[in-house]
Structure formats: C-alpha cells, structure tokens
There are 2 protein chains.
Amino acid sequence: MSVQGSHGHSHSKSPQSLRLTKGAKKVLEVLERTDELSSAQDIHSALRSEEDSPPGLTTVYRSLESLVQLGLVQAVDFGDGERRYEMVKPGEHHHHLVCEVCRTSVHLDQCLVQQLEESIQAKYKFEVRGHILEIFGLCEQCQQAMTPAGKK
Amino acid sequence: MSVQGSHGHSHSKSPQSLRLTKGAKKVLEVLERTDELSSAQDIHSALRSEEDSPPGLTTVYRSLESLVQLGLVQAVDFGDGERRYEMVKPGEHHHHLVCEVCRTSVHLDQCLVQQLEESIQAKYKFEVRGHILEIFGLCEQCQQAMTPAGKK
DNA sequence: TGGCAAATGAAAACCGTTTTCACTACTAAA
DNA sequence: TTTAGTAGTGAAAACGGTTTTCATTTGCCA
Ligand SMILES: [Mn+2]
Ligand SMILES: [Mn+2]
Ligand SMILES: [Zn+2]
Ligand SMILES: [Zn+2]
C-alpha cells in the first residue's frame, strides 16, 4: 500500500474536493464489487462497458485521488509503473502477498510497520507518516504447480 | 528497496550480460562514491560532467539492470515514478526511513520482512521471493524545525 | 586479419499519469 | 425563474521516466 497523503486538511478545499462527486461515486461502486486490485484504467474500462455515459479517464484519476484522501480507498504500489486501488474500511489499510506467477494477492492481517512506529521513533528519532510494504513470491497453488514438473 | 529479480540463471545469458561491461563499471564508480540514492538520470548527468565520453542514458539503464542482477546494486522504489539506486554489499539489501521534507534517507539496520519469511510461509503458505518496504515521515531535524514555528 | 557476438547510443516509441482549457452542470442568491 | 459564480468534467496535449529499435562500433578470438 502507500499510506501517504491524507493530510488532515479540514478546509483549504482547493478544487477536486473532498465531497463525493458523481464520478467518484461510480468509481467507488466499481471498487466496491471488485476484490482484486484495480488500476485507474481497469476502472475506466469497467465503467466504459457498463455505463451509458461513463466518466472520462481524467475523472477516474481525480476521483481516485479524493477517495484516497477521504480514506475510503487505498492506493497500492507494486513497483511496476502502475498504481492500483482497492476499497478499504474508512481509514484502514493493509499490505499484500502478491504471487509473481498468477498475480493474485492476499491481504496481510496486520501492518508490520504500524506496530514498529514507536520503536522507530525511539531508535531513529524518526516520525513515521506513511510507508510502502508489499511482499512478492509464490502462492500455495503456484508453489505446487512448480515442483512436480521440476521446472524450478 | 525492491528485492526482486536476481533469478539464479547461471547461463542463459541473453545479451545485456552479467559481466561488468565498461559502462557498468563507470556507473558503479559513481554509485561507489555517492551515499544518497541516485536515479538513472542523476548517474547519467554525473558521468556527463566528468567523463570525456560518457555512456549514454540507455547504457546507464542497461548497466543498472545488470548491476542489480549481480547483486552489487539495489533498486529502491519510493512510489514516485522514479527508481533510485545505491551500491550495496554483494547480495545484501536494506530499507529506508525517508524524510518527506528534506528527502534525506536513513538505512534501517535490519529487514523486517526477512525475519518474517518463515512465519509467512507457515501462516499463509506463501513463499517469499522479494519485497518492497520504505518508510516515510520526518527526520529529527525536520521535526524540530516544524514545532517551534507552529507550522504543523 | 577477418568474422561475430556483445555493447553502445541516438532517436523513437511507450505508457501511466498530469495539465490545460474550454465547456457543462450545480447551486445559491436576486 | 433568471443569473451569476463555482465546482466538475473530458478531450487532447504535455509530461517524464523507462524501454525499444536499429544502425554503428568495439572487443575477442579463431
Ligand atoms: Mn488488499
Ligand atoms: Mn540505502
Ligand atoms: Zn499464484
Ligand atoms: Zn528531514
């Protein structure tokens, strides 16, 4: 994930607001019924294929920005150039185990970083504000599919 | 960091080899005497300003690729679109505390993920192959520079 | 020395994302 | 209702880091 942003600006609403705009609602709807991570483009084409007048890609990007700000959506970074998004319980976040073969991902049930914030503050005098953490490897099925054939 | 790649292909040397090419050496030299993280472009312009016939940007990218492969250099991803690199002891890696204000970074002395690999394997049946972990926030100086002025 | 594979670099292509800017939809007075 | 003023929208262009392409050069070795 990337627990960045979400600076608690109550006011200072420089346009592209913190209100759920029409487009943003549609974007949220898509994420609501998707369990896999979706890129902006994924969301855009999903909308494209079901809405009569779907929001443009620009709006999707802008919507995602505010949804993330609002804490309703989490942005996830896998280090390939493409950001992905998923709905989360307001204000929460989590990290993933991503299978390098089948690309499916599992949520980690707890955040390793959060539970270290105090010790990091103590040890390094560093105030943690955000972090990225994603783990890559092989899911159970892909591990098995690997060994039989001997094709390490 | 991004402890990806480094697939143990002994042979199968599809060009852009695992041998330290001339360009790669120059790139490594730059990283050798830099303690901050450097982007490909950083390295390129460094070379540009000191070499008589500096490698082109393409070569820098290619060199970094093989240096990472060789385990001599680590690629770090901050989630902004720009990959950064730094020299590491062969095969090692580490993560960072990155100050959002002054952009300096400190190395974490141990990898949180590595020491959890077994428990992840046990709990999720997931074989860890690589990971990304970077922590953002405020370094000591920037914390102090913040509070006095009251400018949260 | 000739032959070849590897290395190199300039330029173009890529591709996700952001900016620009003209236009439309809201909303809240008047 | 009309009328502003404001926020939202989208097409197209710009961006910026990275990758591809492809023609040329370099280094090796038979
Ligand atoms: Mn998730
Ligand atoms: Mn470092
Ligand atoms: Zn898998
Ligand atoms: Zn700082």
Side-chain angles (χ1 to χ4, degrees), chain A residues 2 4-5 9 11-30 37-48 51-70 73 75-85 103 132, chain B residues 2 4-5 9 11-30 37-48 51-70 73 75-85 103 132:
Chain A
S2 76
Q4 302 292 91
H9 301 155
H11 6 224
S12 84
K13 53 170 73 168
S14 52
Q16 259 47 265
S17 67
L18 276 294
R19 179 114 292 91
L20 257 299
T21 168
K22 191 180 304 187
K25 268 174 206 141
K26 293 183 186 171
V27 168
L28 194 56
E29 271 170 39
V30 173
L37 295 160
S38 315
S39 69
Q41 321 237 24
D42 288 342
I43 296 166
H44 182 235
S45 44
L47 287 169
R48 208 168 234 297
E51 288 278 332
D52 39 312
S53 74
L57 184 54
T58 316
T59 296
V60 172
Y61 275 109
R62 285 191 281 230
S63 300
L64 287 169
E65 195 183 324
S66 29
L67 289 169
V68 168
Q69 216 75 326
L70 287 166
V73 166
V76 179
D77 203 309
F78 285 170
D80 61 348
E82 197 170 21
R83 212 141 17 176
R84 276 157 249 257
Y85 301 85
R103 292 271 106 193
I132 304 177
Chain B
S2 76
Q4 302 293 91
H9 302 156
H11 6 224
S12 84
K13 53 169 73 168
S14 51
Q16 261 46 264
S17 66
L18 276 296
R19 178 113 294 88
L20 256 302
T21 166
K22 191 181 305 188
K25 269 176 207 141
K26 292 183 186 172
V27 168
L28 193 57
E29 271 171 38
V30 172
L37 294 159
S38 313
S39 69
Q41 320 238 26
D42 289 340
I43 296 166
H44 183 235
S45 44
L47 287 169
R48 208 168 234 298
E51 288 277 332
D52 38 314
S53 76
L57 184 54
T58 315
T59 295
V60 172
Y61 275 108
R62 285 191 281 231
S63 300
L64 287 169
E65 196 182 325
S66 31
L67 289 169
V68 168
Q69 216 76 325
L70 287 167
V73 166
V76 180
D77 202 309
F78 285 169
D80 61 348
E82 196 171 20
R83 212 143 14 174
R84 276 156 250 258
Y85 302 85
R103 291 273 106 193
I132 305 179

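Below, chain A is the first sequence line, B the second, and so on; all start at residue 1. Keep in mind that what you see is a predicted model, and the values were worked out from it rather than measured.
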(message) What is the separation between atom NZ on B:Lys26 and atom C1' on C:dT8, rounded to the nearest whole Å?
(response) 11 Å
(message) Whether A:Tyr61 contacts C:dT18 is assessed here as follows: a side-chain N or O lying under 4.0 Å from the phosphate OP1 or OP2. Is that the case?
(response) no
Detail all sub-3.5 Å separations between protein N/O atoms and N/O atoms belonging to nucleotides 22-25 of chain C.
none

(message) Could you tell me how far apart B:Glu65 (CD) and D:dT18 (P) are, to the nearest whole angstrom?
(response) 12 Å
(request) Measure the CZ-OG distance between A:Arg84 and A:Ser38 for me, rounded to the nearest 0.5 Å. (result) 9.5 Å
Could you list the protein-to-nucleotides 9-12 of chain C atom pairs, N/O on both sides, closer than 3.5 Å?
from, atom 1, to, atom 2, distance (Å)
C:dG9, OP2, B:Gly56, N, 2.8
C:dG9, OP2, B:Thr59, OG1, 2.5
C:dG9, N7, B:Arg62, NH2, 2.5
C:dG9, O6, B:Arg62, NH1, 3.4
C:dG9, O6, B:Arg62, NH2, 3.4
C:dA10, N6, B:Thr58, OG1, 3.4

(request) Round to the nearest Å and state the distance from A:Leu64 atom CG to C:dG16 atom C1'. (result) 13 Å
(message) I want to check something: taking the side chain as every heavy atom from C-beta on, are A:Tyr85 and A:Val27 in contact at a cut-off of under 4.5 Å?
(response) no
(request) Whole angstrom is fine here: how far is it from CG in B:Leu20 over to P in C:dA7? (result) 11 Å
(request) Could I get the full list of side chain to side chain donor-acceptor pair (under 3.5 Å) partners for B:Glu29, not counting sequence neighbours? (result) none
(message) Rounded to whole Å, how long is the line connecting atom CD of B:Glu51 with atom C1' of C:dT8?
(response) 14 Å
(request) Write down the distance between NZ (A:Lys25) and C1' (D:dT9), rounded to a whole number of angstrom. (result) 15 Å
(message) If we ignore hydrogens and angles and just use 3.5 Å, is the side chain of A:Ser66 paired with the main-chain N or O of A:Gln69 as donor and acceptor?
(response) no
(request) Could you tell me the separation between the CG atom of A:Leu67 and the P atom of D:dG8, rounded to a whole number of Å? (result) 13 Å
(request) With the side chain counted from C-beta on, respond yes when A:Leu20 and A:Leu70 share a heavy-atom pair under 4.5 Å apart, and no when they do not. (result) yes
(message) Of the options D:dG8, C:dT17, D:dT19, whose atoms approach the side-chain atoms of A:Ala40 most closely?
(response) C:dT17
(request) Tell me, please, which residues at least two apart from A:Ser45 pass side chain to side chain donor-acceptor pair (under 3.5 Å). (result) none
(message) I want to check something: taking the side chain as every heavy atom from C-beta on, are B:His44 and B:Arg48 in contact at a cut-off of under 4.5 Å?
(response) yes
(message) To check you understand the geometry: which heavy-atom pair defines the closest contact between B:Ala46 and B:Val30, and what is its length?
(response) CB-CG1, 4.1 Å
(request) Apply side chain to side chain donor-acceptor pair (under 3.5 Å) to A:Glu51 and list each qualifying residue two or more places apart in sequence or on a separate chain. (result) A:Lys26
(request) Indicate the atoms forming the closest heavy-atom contact of B:Ser63 with B:Gly23, along with that distance. (result) OG-C, 3.6 Å
(message) At 10 degrees resolution, what angle do the end axes of the helix from C:dT1-D:dA30 to C:dA30-D:dT1 form when each is taken over five base pairs?
(response) 10°
(message) Assess the residue pair B:Thr21 and B:Thr59 against the criterion (side chain to side chain contact (heavy atoms under 4.5 Å, CB included)); give the C-alpha distance rounded to whole Å, side-chain angles, the decisive distance to 0.1 Å, and a yes or no.
(response) CA-CA 10 Å; B:Thr21 166; B:Thr59 295; over 6 Å; no
(message) Between A:Arg83 and C:dC15, is there a contact of a side-chain N or O with OP1 or OP2 at under 4.0 Å?
(response) no
(request) Specify the separation, in whole Å, of atom NE2 of A:His44 and atom P of C:dT17. (result) 13 Å
(request) Search all heavy atoms of B:Leu47 against all heavy atoms of B:Pro55 and return the closest pair with its distance. (result) CD1-CG, 3.7 Å
(message) OP1 or OP2 of D:dG17 versus the side-chain N and O atoms of B:Gln41: is any pair under 4.0 Å?
(response) yes
(message) Check the phosphate of C:dT8 against B:Thr21, side-chain N and O only, distance under 4.0 Å to OP1 or OP2. Yes or no?
(response) yes
